[in-house]
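Along the sequence shown, the residues carry numbers beginning at 1. What you see below is based on every heavy atom in this structure, not just the backbone, and it leaves out hydrogens, waters and symmetry mates.
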Amino acid sequence: SEQLLELQKLPYCAVATSCLSLGEIKSVEALCAQLKWKYYDEISVPGLVTHLIVGVFMRNGEQHVKMTTKYLQAVALGIKVVKLDWIYSC
């Protein structure tokens, strides 16, 4: 698809996820395999993960991110935090 071609033009990406359903994680893993990106379960080595893909929840009509350990690590390490929609909207 056209979106897939656009994603393939991105530089190296290595992603981790936080607060996604098992189905969403499987979708991310499959897309990573297709794009030759790396998928990591954890953020354990600084500089290795480039993006953290997070699930969001609604509160008072606004989207919020659960402040998980992975989320806090990503923020502290300067990793880009993006919603799941990011991989489908590039």
Side-chain angles (χ1 to χ4, degrees):
S1 79
E2 199 171 301
Q3 288 178 332
L4 184 59
L5 291 173
E6 288 300 313
L7 286 170
Q8 288 173 329
K9 292 178 186 176
L10 289 175
Y12 170 80
C13 286
V15 303
T17 58
S18 181
C19 294
L20 298 183
S21 70
L22 184 58
E24 291 169 330
I25 291 169
K26 294 296 180 193
S27 293
V28 170
E29 289 175 330
L31 186 60
C32 285
Q34 192 172 11
L35 296 171
K36 296 184 177 35
W37 291 357
K38 299 288 184 189
Y39 176 82
Y40 294 97
D41 292 324
E42 298 294 328
I43 300 174
S44 56
V45 179
L48 195 60
V49 172
T50 61
H51 296 77
L52 177 66
I53 301 172
V54 297
V56 296
F57 64 95
M58 298 298 289
R59 184 186 320 144
N60 298 327
E62 295 181 2
Q63 292 184 345
H64 293 270
V65 175
K66 188 173 180 184
M67 299 246 183
T68 63
T69 301
K70 280 189 201 177
Y71 173 81
L72 295 173
Q73 286 175 315
V75 170
L77 294 171
I79 294 169
K80 293 178 180 105
V81 178
V82 296
K83 297 185 303 183
L84 181 61
D85 297 351
W86 171 76
I87 61 174
Y88 300 113
S89 64
C90 290

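Not counting sequence neighbours, K38 has no partner by the side chain to side chain donor-acceptor pair (under 3.5 Å) test.
Atom CD1 of I43 is separated from atom CD1 of I79 by 4.0 Å, given to the nearest 0.5 angstrom. The OG atom of S18 sits 12.0 Å away from the CG atom of L84 when rounded to the nearest 0.5 Å. Distance check: K70 NZ to D41 CG gives 6.5 Å after rounding to the nearest 0.5 Å.
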Evaluate side-chain contact (heavy atoms from CB on, under 4.5 Å) for Y39 paired with L31, printing each intermediate quantity in order. CA-CA 10 Å; Y39 176 82; L31 186 60; over 6 Å; no
What do the steps show when you test V15 against V82 for side-chain contact (heavy atoms from CB on, under 4.5 Å), and what is the final call? CA-CA 10 Å; V15 303; V82 296; over 6 Å; no
Donor-acceptor list for residues 48-63 side chains, cut-off 3.5 Å, not counting sequence neighbours:
| residue | atom | partner | partner atom | Å |
| --- | --- | --- | --- | --- |
| T50 | OG1 | A14 | N | 2.9 |
| T50 | OG1 | A14 | O | 3.1 |
| Q63 | OE1 | K83 | NZ | 2.8 |

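In this structure, L35 and C13 have side chains that are not in contact, with every pair of non-hydrogen atoms separated by 4.5 Å or more.
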